[in-house]
Amino acid sequence: RGTIVKDELQKEIERVCRRYGFQKVSCPSLADISLFETSGHAMKFNDELFRVESPKGHKYVLKPVQCPHHTQIYASKLRSYRDLPIRYMESDKQYRAELQGAVGGLSRVYAITVEDGHSFCTREQVKQEVMNMCNLIKDFYSNMGLYDVFWVSLSVRDYEHPEKYIGSQEDWDICENMLAEICEELGLNAKRCEGEAALYGPKIDFMFKDELGREIQIPTVQLDFAMPKRFGLSYIDENGEKQVPVMVHRAVLGSYERFIMLLLEQFKGVLPIWLSPVQVNIIPVNVKYHDEYCKKIYDLLLNEDIRVEYDNGKDNMGKKIRQSNVMKNPITLIIGDNERDNNLISYRKYGSEETYSMTINEFVDFIKQKIINRLNNNSYLYTFIIGDKSKLRKEVTTSYQKNGISHLFSVSGMHITLLSSMLLKILKKLKIKENSRYLLTTIFLLFYLSITGLSPSVLRGVLFFILFSINNLYYFY
């Protein structure tokens with residue numbers, strides 16, 4: 001299951017990165033130690049290297065980072081200023097000899113699966129490259145519903161200990177000033193953090209908090225004038241002269257292991273349908289009488305590239321449904337006589353006891369549309385769509401404690417979500433059918449919008465809910 005989640009995340013990040021001009025590359029896990037001596041990593045992280053020697057005299061290390069490898073791809077042929085920027089992306093294992101007591105769970109491992117990329121560009125292109133990478137991060141995390149739960153660190157050097165870094169002071173000054181200007185232009189409200197820079201340059205770090213309140217740095221954009229000089233990288237400018245390119249490092253989701261941990265904690269294990277390891281779970285009312293029809297549905301969904309399981313075990317139907325909910329499967333099909341005899345399917349969504357029926361072809365279209373839509377565009381909205389409101393309650397409680405009851409009706413996207421969630425819950429207790437619940441809530445939100453004005457945050461929240469409702473009503477009617 002975890003491998004499926006990792007693979008789907010990799011497909012998504014590569015899809016987003018391709019739109020920003022990144023090309024996929026693959027580098028070996030073993031490298032001569034001299035590569036990391038040149039980059040400075042061997043000296044800086046000497047105690048964290050896994051060293052590999054052979055009887056034939058080879059002295060290699062398991063790669064701790066990918067950037068020195070990418071410099072060698074760039075250096076493989078002569079480059080012109082017309083070729084730049086050149087952007088590489090790679091998702092591969094990196095190896096760190098962590099302290100044994102520090103290793104645990106997904107947060108810290110010896111073999112990290114890292115997604116990162118590097119851009120080689122001219123000095124004139126640096127600003128646009130960094131801004132593109134910040135926008136790339138925004139696109140990816142907006143799709144994941146996580147873009148509103150971080151703060152930004154402008155990580156600069158420790159001025160009292162310059163020996164900890166490579167490169168000249170002049171280059172560091174230029175890099176830090178560039179990143180400060182970019183943070184200002186993008187409105188990132190970055191906090192300047194001394195001593196948090198990388199070995200080779202300053203960086204913009206996007207900081208998240210896990211459910212225990214621990215801060216985790218995941219996305220990062222790093223500016224590097226030093227490494228291209230150390231590796232003798234160059235390009236030919238418009239005057240026919242050799243110039244040194246600038247290297248921009250970026251990681252969007254960083255370590256897959258830590259990112260999956262963040263996702264599982266953030267959404268309490270309830271992943272969106274496109275990311276869920278099992279998208280549809282099929283449960284027969286009675287295996288003896290419904291097995292053949294269930295297998296037909298299973299084969300059909302499998303051929304449509306939908307991740308499906310068929311629970312044909314000996315447990316009774318009730319226990320199978322409970323187990324499907326324990327596994328947090330987004331959709332559970334329940335197949336009985338009516339479905340078999342009329343070529344139908346009946347399904348329940350995770351967290352709901354309501355059952356819906358439709359033809360097999362309609363269901364296939366419904367599921368595929370859900371997967372394509374990537375519905376999870378707003379983390380607060382997502383929490384009540386999937387039935388997990390603990391994060392929303394926490395936010396609302398904090399808001400109430402600080403500002404009183406009137407603040408709960410202030411014009412923000414989060415409070416639109418709150419009002420929608422409250423109304424949906426009330427209508428559900430009144431036994432109103434789900435399609436009618438969304439319709440009535442949409443009407444209420446339109447009325448709310450008319451009396452609060454066209455605040456951008458309110459408008460975004462209302463429009464998103466309306467689009468979600470239309471999507472559901474389309475399949476109900």
Side-chain angles (χ1 to χ4, degrees), residues 2-3 5-7 9-10 13-14 17 22-76 87-120 164-167 197-201 203 205 216-220 222 224 226-228 230-233 247-262:
T3 301
V5 175
K6 181 262 176 188
D7 288 346
L9 286 172
Q10 184 171 341
I13 187 61
E14 289 176 357
C17 287
F22 282 88
Q23 52 185 308
K24 188 175 179 179
V25 298
S26 181
C27 298
S29 295
L30 281 175
D32 194 289
I33 185 65
S34 62
L35 185 69
F36 299 101
E37 289 172 346
T38 301
S39 70
H41 291 95
M43 178 186 68
K44 177 77 173 179
F45 304 108
N46 182 58
D47 293 340
E48 296 181 22
L49 298 179
F50 278 110
R51 300 174 185 273
V52 180
E53 295 186 9
S54 76
K56 296 179 180 179
H58 299 104
K59 291 187 177 180
Y60 289 104
V61 294
L62 292 173
K63 65 177 178 183
V65 291
Q66 285 164 178
C67 35
H69 293 255
H70 289 186
T71 66
Q72 300 310 290
I73 300 175
Y74 178 91
S76 63
R87 308 177 184 99
Y88 302 130
M89 65 175 171
E90 182 174 10
S91 290
D92 200 8
K93 292 287 187 185
Q94 297 179 13
Y95 304 88
R96 310 277 174 83
E98 304 280 2
L99 293 171
Q100 292 185 9
V103 174
L106 292 174
S107 61
R108 192 171 289 273
V109 295
Y110 292 124
I112 322 163
T113 313
V114 174
E115 177 284 320
D116 68 359
H118 301 91
S119 172
F120 299 88
K164 291 162 48 174
Y165 310 99
I166 62 174
L199 168 69
Y200 39 73
K203 52 183 181 161
D205 292 328
I216 305 174
Q217 176 260 306
I218 300 182
T220 183
Q222 306 172 359
D224 181 0
M227 202 176 295
R230 293 173 77 100
F231 281 103
L233 305 183
M247 190 173 180
V248 184
H249 307 242
R250 69 109 189 100
V252 179
L253 61 78
S255 156
Y256 283 90
E257 289 80 10
R258 283 201 302 171
F259 188 78
I260 290 172
M261 178 192 74
L262 178 71

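When a residue number appears, it is its place in the shown sequence, counting from 1.
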* Asked: Do the non-hydrogen side-chain atoms of Cys27 and His70 ever get within less than 4.5 Å of each other?
  -> yes

* To the nearest 0.5 Å, what is the distance between CG (Leu62) and CG (Leu49)? -> 9.5 Å

* To do: Please name the pair of heavy atoms, one in Tyr165 and one in Ala198, separated by the smallest distance, quoted to 0.1 Å.
  => CD2-O, 3.4 Å

* To do: Apply side chain to side chain donor-acceptor pair (under 3.5 Å) to Ser54 and list each qualifying residue two or more places apart in sequence or on a separate chain.
  => His58

* **For Tyr110, side chain to side chain contact (heavy atoms under 4.5 Å, CB included) partners two or more places apart** => Phe50, Glu98, Gln100, Val103

* Run the side chain to side chain contact (heavy atoms under 4.5 Å, CB included) check on Asp92 and Lys63 step by step: do they pass? -> CA-CA 10 Å; Asp92 200 8; Lys63 65 177 178 183; 3.0 Å; yes

* Asked: Do other residues, nucleotides or ligands put more than 12 heavy atoms under 6.0 Å from the NZ atom of Lys24?
  -> no

* Could you go through the side chain to side chain donor-acceptor pair (under 3.5 Å) check for His249 and Asp116 one step at a time? => CA-CA 8 Å; His249 307 242; Asp116 68 359; over 6 Å; no

* Would you call Glu37 and Lys59 a salt bridge, using N to O less than 4.0 angstrom? -> no

* Would you sort out whether Arg51 and Asn46 count as a side chain to side chain contact (heavy atoms under 4.5 Å, CB included), showing the intermediate values? => CA-CA 10 Å; Arg51 300 174 185 273; Asn46 182 58; 2.3 Å; yes

* Name of the residue among Val5, Thr113, Leu253 meeting side chain to side chain contact (heavy atoms under 4.5 Å, CB included) with Ile260 -> Val5

* Any chance you could measure Ile166, atom CD1, to Met43, atom CE, to the nearest 0.5 Å? => 8.0 Å

* Asked: Are Asp224 and Val248 side-chain neighbours, meaning at least one heavy-atom pair lies under 4.5 Å?
  -> no

* Min side-chain heavy-atom separation Leu35-Tyr60 under 4.5 Å -> no

* To do: Could you tell me which non-hydrogen atom of Cys17 sits nearest to which non-hydrogen atom of Met89, and how far apart they are?
  => CB-SD, 3.5 Å

* Listed by chain and number, what are the ring pair (Phe, Tyr, Trp, His ring centres under 6.0 Å) partners of Phe36, not counting sequence neighbours? -> His69

* Value rounded to 0.5 Å, distance of CD in Gln66 from OG in Ser91 -> 7.5 Å

* Listed partners of Arg87 passing side chain to side chain contact (heavy atoms under 4.5 Å, CB included), at least two apart -> Phe22, Pro85, Ser119, Glu129, Asn132

* Asked: Does Tyr200 reach the side chain of Ser39, with side-chain heavy atoms less than 4.5 Å apart?
  -> no

* To do: Taking ring pair (Phe, Tyr, Trp, His ring centres under 6.0 Å) as the test, write out the residues that go with Tyr95, two or more places apart.
  => none

* Asked: Got a donor-acceptor contact below 3.5 angstrom from the Arg96 side chain to the Val109 backbone?
  -> no

* Test ring pair (Phe, Tyr, Trp, His ring centres under 6.0 Å) applied to Tyr256 - qualifying residues, sequence neighbours left out -> none

* Asked: Could you state the interatomic distance from CD (Gln72) to OG1 (Thr38), rounded to the nearest 0.5 Å?
  -> 8.0 Å

* To do: Using side chain to side chain donor-acceptor pair (under 3.5 Å) as the criterion, point out the one residue from His118, Gln222, Glu115 that pairs with Arg250.
  => Glu115

* Structure fact -> d(Gln94 CD, Ser255 OG) to nearest 0.5 Å is 9.0 Å

* Taking C-beta and beyond as the side chain, do Thr71 and Arg230 meet within less than 4.5 Å on heavy atoms? -> no

* Separation between SG of Cys67 and CE of Met247, rounded to the nearest 0.5 Å -> 5.0 Å

